[in-house]
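Okay, structure first, notes after.
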Amino acid sequence: MCLGIPGRIVTVDDTEPRSGTVDFDGLRRPVCLVYTPEAEVGDHVIVHVGFAIALVDEEEAARTLAVLRAMPDAIETELGP
Amino acid sequence: MCLGIPGRIVTVDDTEPRSGTVDFDGLRRPVCLVYTPEAEVGDHVIVHVGFAIALVDEEEAARTLAVLRAMPDAIETELGP
Amino acid sequence: MKHLQEYRDPVLARRLLAELRTTATAPWTIMEVCGGQTHTIVRQGIDRLLPAGMRMIHGPGCPVCVTPLETIDRALAIAARPDVILTSYGDMLRVPGTSGDLLSLKARGADVRVVYTPLDAVRTAAENPGREVVFLAVGFETTAPANAMAVLHAAATGVTNFSALVSQVLVPPAITALMDDPDAQVQAFLAAGHVCAVMGWTEYEPIARAYGVPVVVTGFEPLDLLEGVLMAVRQLEQGRAEVENQYARAVRRSGNTAAQDAIRRVFQVTDRTWRGIGPIPASGLALRPEFARHDAAVRFEVGDLVTRESPDCIAGDVLRGTRLPTDCSAYGRTCTPRTPLGAPMVSSEGTCAAFFNAGRTPEHR
Amino acid sequence: MKHLQEYRDPVLARRLLAELRTTATAPWTIMEVCGGQTHTIVRQGIDRLLPAGMRMIHGPGCPVCVTPLETIDRALAIAARPDVILTSYGDMLRVPGTSGDLLSLKARGADVRVVYTPLDAVRTAAENPGREVVFLAVGFETTAPANAMAVLHAAATGVTNFSALVSQVLVPPAITALMDDPDAQVQAFLAAGHVCAVMGWTEYEPIARAYGVPVVVTGFEPLDLLEGVLMAVRQLEQGRAEVENQYARAVRRSGNTAAQDAIRRVFQVTDRTWRGIGPIPASGLALRPEFARHDAAVRFEVGDLVTRESPDCIAGDVLRGTRLPTDCSAYGRTCTPRTPLGAPMVSSEGTCAAFFNAGRTPEHR
Amino acid sequence: MTSSCPVPHPETERVLLGHGSGGQLMAELLTDVITPELGLTAPLEDAALIGLNQVFSTDSYVVTPRFFPGGDIGSLAVHGTVNDLAMRGARPLALSLAYIVEEGLPLSELRDITRSAAAAARAAGVPIVTGDTKVVGRGAADGLYVTTTGVGMRLRDARPSAAGAEPGDVVLVSGPVGLHGIAILSAREGLGFDADVSSDSRPLNDLVAAMIAAGGADVHALRDPTRGGLAGSLNEIAAASGVCVEVVESAVPVPVPVAAACDLLGLDPWHVANEGCLVAFVAPGSADAVVAAMRALPEGAGTAVVGEVVEGVAGRVLARTLVGSSRVVDVLVGEQLPRIC
Amino acid sequence: MTSSCPVPHPETERVLLGHGSGGQLMAELLTDVITPELGLTAPLEDAALIGLNQVFSTDSYVVTPRFFPGGDIGSLAVHGTVNDLAMRGARPLALSLAYIVEEGLPLSELRDITRSAAAAARAAGVPIVTGDTKVVGRGAADGLYVTTTGVGMRLRDARPSAAGAEPGDVVLVSGPVGLHGIAILSAREGLGFDADVSSDSRPLNDLVAAMIAAGGADVHALRDPTRGGLAGSLNEIAAASGVCVEVVESAVPVPVPVAAACDLLGLDPWHVANEGCLVAFVAPGSADAVVAAMRALPEGAGTAVVGEVVEGVAGRVLARTLVGSSRVVDVLVGEQLPRIC
Ligand code: SF4
Ligand code: SF4
Ligand SMILES: [Mg+2]
Ligand SMILES: [Mg+2]
Ligand SMILES: [Mg+2]
Ligand SMILES: [Mg+2]
Ligand SMILES: [Mg+2]
Ligand SMILES: [Mg+2]
Ligand SMILES: [Mg+2]
Ligand SMILES: [Mg+2]
Ligand SMILES: [Mg+2]
Ligand SMILES: [Mg+2]
């Protein structure tokens with residue numbers, strides 16, 4: 001649970017514990033990267049309370065979106081209220 | 001030297017060091033009375049930085065004033081500028 | 001934002017809803033466990049678009065709601081000490097304790113500060129060597145890695161005036177407890193995406209099997225939730241009860257093992273009382289004894305705490321999903337976000353507050 | 001106020017002035033030692049009413065003026081420490097040290113507080129056990145009993161976080177030094193009434209004898225001063241050089257023995273440098289070694305202090321009475337009460353400030 | 001809740017930070033404590049009328065930090081009061097500027113802020129004619145507080161009022177929302193983020209003059225969504241006018257970095273303060289003309305039609321959500337606290 | 001003093017408490033920092049003119065303690081601004097009231113102060129028409145600060161100005177001086193004294209109306225001697241008018257306990273703040289009529305003729321002392337610090 005949003009790593013700093021700067025579409029914040037040791041500059045991570053808790057899997061993301069976009073179009077009037 | 005003004009003791013409190021309240025014509029202030037052990041309610045004392053440093057001698061005060069008041073009157077025009 | 005904006009697309013949302021209407025043939029009852037998901041559902045009005053009869057039940061996944069009253073009262077007692085700077089996530093400041101909340105205590109002179117990350121609390125401690133800095137470490141498995149790292153970092157750097165008042169909780173035992181309740185109405189779960197990002201989903205497989213409930217690991221955006229609901233409904237319609245992963249872009253089956261390691265180093269599993277719900281065995285995390293010097297519960301003696309809840313509050317039933325906020329006699333009357341009687345009225349993703357802010361009345365639930 | 005208002009009577013003042021004009025046959029030069037008396041003289045314009053040629057010289061009796069620069073700099077260094085609350089009489093806050101004054105330091109964050117009595121400083125210490133409270137204990141024999149009692153009271157009640165930065169000075173050695181100056185122009189002294197209320201006047205008898213100068217113990221109100229001047233002039237006219245007591249209502253020959261006892265218990269006589277004047281043997285009081293724990297000079301190591309005075313300032317000559325403020329090239333130009341270069345421009349009874357505030361210009365001295 | 005009730009009780013005896021946040025607590029403070037004592041009716045307007053056509057408004061500014069991307073406390077204090085006058089359809093005539101300064105503030109900073117206020121006033125075409133400066137001791141203020149007060153004269157035909165919205169009115173927003181509040185947050189040390197966001201702080205009197213010229217009395221309601229944000233202004237107008245408002249979520253311009261900051265911190269962009277945009281309710285017949293007039297000025301270039309006054313519960317603001325559902329748009333309770341969990 | 005001069009240097013980089021004390025430091029702050037940036041000429045007047053006859057004035061109030069004998073920060077804030085309008089010969093029309101509140105202030109206190117401000121405004125016949133409330137965190141204010149701003153309309157024939165004094169003018173003081181400042185000091189904890197003194201805080205608009213009715217344009221200058229006291233106001237008028245003023249020390253009404261407090265603390269009663277009296281410079285031909293009109297009202301009952309405009313150095317204020325000599329009446333440098341030694 002809890003608020004976590006994806007951002008792109010723009011710097012990885014030489015600190016202990018591992019940290020870096022993550023860009024969220026024009027907003028940058030220092031983020032602790034200790035739990036995403038594999039994440040590099042350019043990668044997207046999910047950030048929660050200042051920690052990257054997951055590396056975004058671009059392929060899975062593309063697959064999910066492809067599924068959604070393949071869904072047949074709906075007739076407006078079916079939707080309510 | 002230093003500012004010291006006369007006030008009338010209105011209470012003597014049961015404190016260590018000895019203290020009381022001194023009235024200065026409508027203004028009252030706690031004052032340390034340790035240096036005027038003989039001063040009692042009704043007496044005038046000279047107060048400096050919160051301490052009574054002298055008991056006013058009423059007789060001497062009257063004598064001084066009597067001398068001043070006995071002085072011959074002056075002619076206004078002698079005074080300048 | 002990439003990986004965010006795409007999942008808010010109104011056209012795709014409509015397609016998903018149409019698909020859901022086509023798929024669902026029965027009035028299924030699905031619980032989203034997570035408060036963050038509740039927030040999206042209520043704010044976007046998603047539940048009001050579901051096929052007739054189908055219900056979303058809002059689960060106990062809001063740390064603000066389930067943090068025990070005793071912990072809140074203990075935080076208040078510690079924060080009242082003049083030597084203490086109490087730090088907390090913003091969410092916790094308005095949670096009612098027995099005799100007030102942290103915001104009121106702050107107005108009365110306590111030094112209470114909001115932090116965005118627990119590492120800020122450690123930094124505050126390093127910057128204020130003459131004070132005791134206490135961090136109110138609540139939350140589910142998502143916050144546990146961050147809170148663990150704060151303790152490890154303080155210990156490693158010798159910040160001895162940092163301590164954590166820990167009341168971490170765990171999701172799977174709570175789901176088990178919910179399903180063991182004879183009143184249980186839940187037919188499928190949306191598991192919380194970020195909890196699973198940390199823990200993976202293997203813990204949910206025995207639950208799905210044992211109770212025959214589908215579990216879909218789900219993200220937080222409107223399309224995530226709609227797809228998660230659709231995946232759960234498909235399982236229900238097909239008579240399956242498996243763990244599926246809607247949030248594949250962030251969640252792997254085994255979760256984040258580095259984070260799990262840190263949690264295990266710092267915390268141990270303990271029984272925990274959930275506010276409104278009651279004690280659940282092995283449902284919480286406490287600091288291991290070797291971190292006692294960073295354990296605020298050990299360091300600060302606050303005497304006996306006498307906790308008392310409002311007698312009107314049915315938060316337990318709300319959190320278990322057996323009743324709605326609008327069933328509560330206090331809802332919207334004596335209990336509002338301005339004057340919360342129970343925790344679910346505090347945070348905007350608390351079920352009662354989410355209902356209230358969305359203008360839900362008993363007539364228009 | 002009784003014993004005050006009577007001595008401000010304008011009719012009696014005129015009579016005294018007339019009598020003085022009748023009595024004085026030569027342009028006598030009289031020094032009032034005390035800054036408080038200077039204040040009355042300048043504010044009431046008394047010196048401008050004196051018989052032609054007769055002069056009042058304003059002596060070194062302002063503690064603000066004579067407190068050594070080194071003490072001010074030490075106070076500034078101590079006040080700059082974050083653990084210290086520096087307390088002082090209001091007068092001392094604007095006294096220029098080598099690199100600023102206490103008011104500026106306060107604006108930069110130092111905790112500097114004005115007290116009316118040194119006992120308030122002791123109370124502040126008792127109320128702030130976590131802080132060091134330092135009292136800047138300056139002044140003449142008048143403040144010494146109060147400052148002594150503050151130290152005694154702190155010692156007796158165990159207020160160990162109270163200390164005094166002591167720079168007490170004594171009048172008789174200063175008068176002696178003035179008279180030993182080959183430039184000495186003073187023909188009679190008005191001794192300071194409140195100093196004598198504490199110390200009596202026996203110390204002045206050998207001075208009057210040795211230097212053949214009349215000394216009149218004098219009060220502070222206009223009539224007191226006029227009468228004191230008249231008594232001094234009468235002695236001068238009659239060729240006498242005695243100690244007389246104008247201020248009989250407050251001063252006895254032996255002074256206040258209880259106060260003298262306290263001074264002796266707490267302080268010991270020491271050499272002291274007077275600002276602007278220089279070192280004068282046995283002209284100061286320092287704390288006795290047994291009060292070292294209340295001695296701020298002992299308790300606070302401030303390193304080497306490098307003190308520097310303005311090269312333009314002739315404060316020494318002004319305090320010795322050999323030159324007037326209006327003789328100073330800085331007076332009213334670079335040196336004003338707003339931007340004092342020397343201490344006599346600070347306090348309103350400092351000679352330079354008294355001149356400036358009264359609008360005295362070189363032409364109209 | 002009786003006093004013997006052994007339950008959590010919210011603070012009711014002391015002022016909370018949230019009492020100043022433009023939300024529900026603030027409304028309560030005004031309604032319960034301030035206005036009854038003053039004998040005022042609910043202070044729903046940005047500025048008061050004196051006589052028929054003179055307008056009078058005051059605001060104190062306590063923003064931290066004093067310098068932020070896009071402005072400072074001096075320019076902000078001028079814009080804020082100019083805009084409150086403008087929201088009543090007035091041409092600002094004169095401003096006063098009162099400072100409360102904490103001992104120790106660098107004089108250079110006071111000079112810079114004064115210069116900025118003067119420049120802002122000049123740019124808005126309003127003279128600062130009088131002022132005041134008080135100094136308080138160290139620790140008795142946070143550097144500098146500024147209070148500006150303005151007098152203005154209502155433009156011909158200008159009648160905008162929070163109570164003036166009517167059924168069918170078109171709801172306009174003159175520019176992107178949330179910039180000011182997020183710029184302030186990003187400039188604060190503690191939160192440690194850095195955003196490509198500048199405050200929108202700017203004067204809106206020319207924009208209002210253009211709107212009145214185009215729409216006259218058809219400009220029914222104007223409001224600058226400062227404290228309490230867009231949601232607060234919409235709710236205030238809905239309540240004062242006794243109408244139901246529906247806003248289309250996707251039509252409200254929220255800049256990308258504002259959305260990102262709100263996502264990150266768990267804030268609602270509609271609750272975030274603005275200092276350079278306005279909400280307008282305009283009769284449908286004049287809406288096109290007013291929108292065209294607005295878009296012709298730089299400060300109105302981003303004008304968006306975001307909703308309309310609909311049939312419905314009086315005083316309620318609804319949002320048509322992204323997914324096509326609907327929700328009630330709530331007002332802030334107290335301070336907007338970063339929501340993290 | 002060159003920058004290489006190794007001498008004591010006064011603080012010139014930061015705001016000192018004394019910058020707010022109505023003395024020389026304050027004048028310097030205004031002249032050096034504030035007014036050049038605003039493009040104002042020296043702010044010598046109590047209130048500014050807008051157009052021909054409208055008067056506009058603002059002041060912030062930061063008094064500690066908030067409740068004192070004779071008033072509180074609420075009534076004081078109303079009286080202060082009403083009086084500043086009155087000093088320009090104006091009838092006050094409307095007031096605004098802006099609060100800066102420290103988190104934690106008891107709501108009951110805010111209510112009491114608001115009630116007091118409202119009562120003071122009613123008594124002065126001026127409505128409070130608008131306001132503002134900001135809340136700052138614990139420690140970022142000392143309880144409550146109040147800013148009032150007023151607009152007024154000049155009375156017929158009223159032309160008083162600090163620059164209006166003329167040779168021969170009679171100098172009047174409408175009542176005893178020093179009461180407010182000493183009442184405030186006596187109410188402060190730290191100084192530990194207790195005095196039979198109440199603040200003179202009260203509205204003077206009726207008194208001014210009566211003076212103008214009696215003297216019209218012959219009422220040349222009016223000033224309420226608040227910060228900086230009587231000495232400050234006299235010097236400001238002397239400087240602005242380019243005249244020399246002589247005041248007879250014995251004619252200035254200083255109440256006995258005020259004199260006692262000043263004697264005890266080493267203060268000058270002419271430097272102590274007032275909030276309910278005024279200094280007037282009136283052409284000699286109208287002086288009797290103005291004095292009579294003043295004495296007919298309770299707030300002017302103690303009116304005293306204290307001096308006159310004489311030949312002499314322009315901008316200088318002289319006092320004829322008790323003993324018949326003369327001295328220059330100085331303005332305060334910074335804060336008035338208790339003089340003890
Ligand atoms: S509405 Fe309030 S009282 Fe009722 S269950 Fe929710 S939190 Fe408890
Ligand atoms: S006027 Fe100033 S510089 Fe000259 S002697 Fe006096 S204090 Fe020193
Ligand atoms: Mg507004
Ligand atoms: Mg306003
Ligand atoms: Mg405003
Ligand atoms: Mg002012
Ligand atoms: Mg500060
Ligand atoms: Mg005034
Ligand atoms: Mg004013
Ligand atoms: Mg004023
Ligand atoms: Mg406002
Ligand atoms: Mg405070």
Side-chain angles (χ1 to χ4, degrees), chain D residues 1 4 8-10 13-14 17 35-36 42-46 48-49 62-64 89-94 96-101 103-104 106-108 113-116 120 138-140 142-143 222 226 308-313 334 337-342 347-349 356-360, chain F residues 1-2 5-19 23-25 27-28 185 190-193 231 248-250 256-257 259-260 263-268 271 312-313 316-341:
Chain D
M1 229 168 328
L4 201 68
R8 296 177 179 178
D9 182 326
R14 280 153 200 244
L17 278 162
V42 175
R43 241 184 119 67
Q44 287 297 324
I46 287 172
R48 297 171 64 194
L49 298 175
C62 163
V64 165
Y89 298 131
D91 315 48
M92 299 304 294
L93 265 57
R94 298 192 61 244
T98 296
S99 64
D101 57 37
L103 269 190
S104 308
K106 177 166 173 277
R108 291 174 179 267
R113 306 186 190 176
V114 172
V115 291
Y116 172 79
D120 286 346
V138 300
F140 288 83
T142 30
T143 57
L226 287 169
R308 284 200 281 190
E309 287 281 11
S310 163
D312 295 334
C313 183
T334 52
R338 162 75 183 101
T339 56
L341 293 187
S347 151
S348 51
E349 79 249 44
F356 188 90
N357 289 337
R360 300 288 176 91
Chain F
M1 194 171 46
T2 65
C5 177
V7 298
H9 54 78
E11 176 69 61
T12 54
E13 288 166 23
R14 285 172 190 263
V15 175
L16 303 173
L17 262 186
H19 277 116
Q24 202 183 327
L25 272 178
E28 224 175 74
L185 285 181
L191 286 169
F193 72 84
V248 177
E249 189 166 21
S250 58
V256 167
D263 278 327
L264 187 72
L265 298 174
L267 306 176
D268 182 341
H271 284 158
V313 182
R316 178 157 284 181
V317 179
L318 301 170
R320 178 128 313 253
T321 68
L322 289 180
V323 300
S325 187
S326 153
R327 66 176 163 95
V328 172
V329 176
D330 54 320
V331 294
L332 210 51
V333 172
E335 336 164 53
Q336 197 171 22
L337 294 166
R339 184 172 62 88
I340 289 152
C341 291

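Naming: A, B, ... by sequence-line order, numbering from 1 per chain. All figures in this text were calculated on a predicted structure; none of them were measured in a lab.
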Legend entry - Heavy-atom pair of closest approach, residues F:S250 and F:L322: CB-CD2, 4.0 Å
Legend entry - Residue part contacting chain D, namely of F:L17, when any heavy atom lies under 4.5 Å: side chain
Inset, instruction - Please look at F:E28 and chain D and tell me whether the side chain, the backbone, both or neither of the residue comes under 4.5 angstrom of a heavy atom of that chain. - result: side chain
Legend entry - D:R94 with F:E335: basic N within carboxylate O range, under 4.0 Å: no
Legend entry - Basic-acidic side-chain contact under 4.0 Å: D:R43, F:D268: yes
Legend entry - Engaged part of D:P337 at the chain F interface, taking heavy atoms whose separation is under 4.5 Å: both
Legend entry - D:R108/D:D101 salt bridge by N-O under 4.0 Å criterion: no
Legend entry - Among F:V256, F:V329, F:V331, F:T321, residue most engaged with chain D (heavy-atom pairs, under 4.5 Å): F:T321
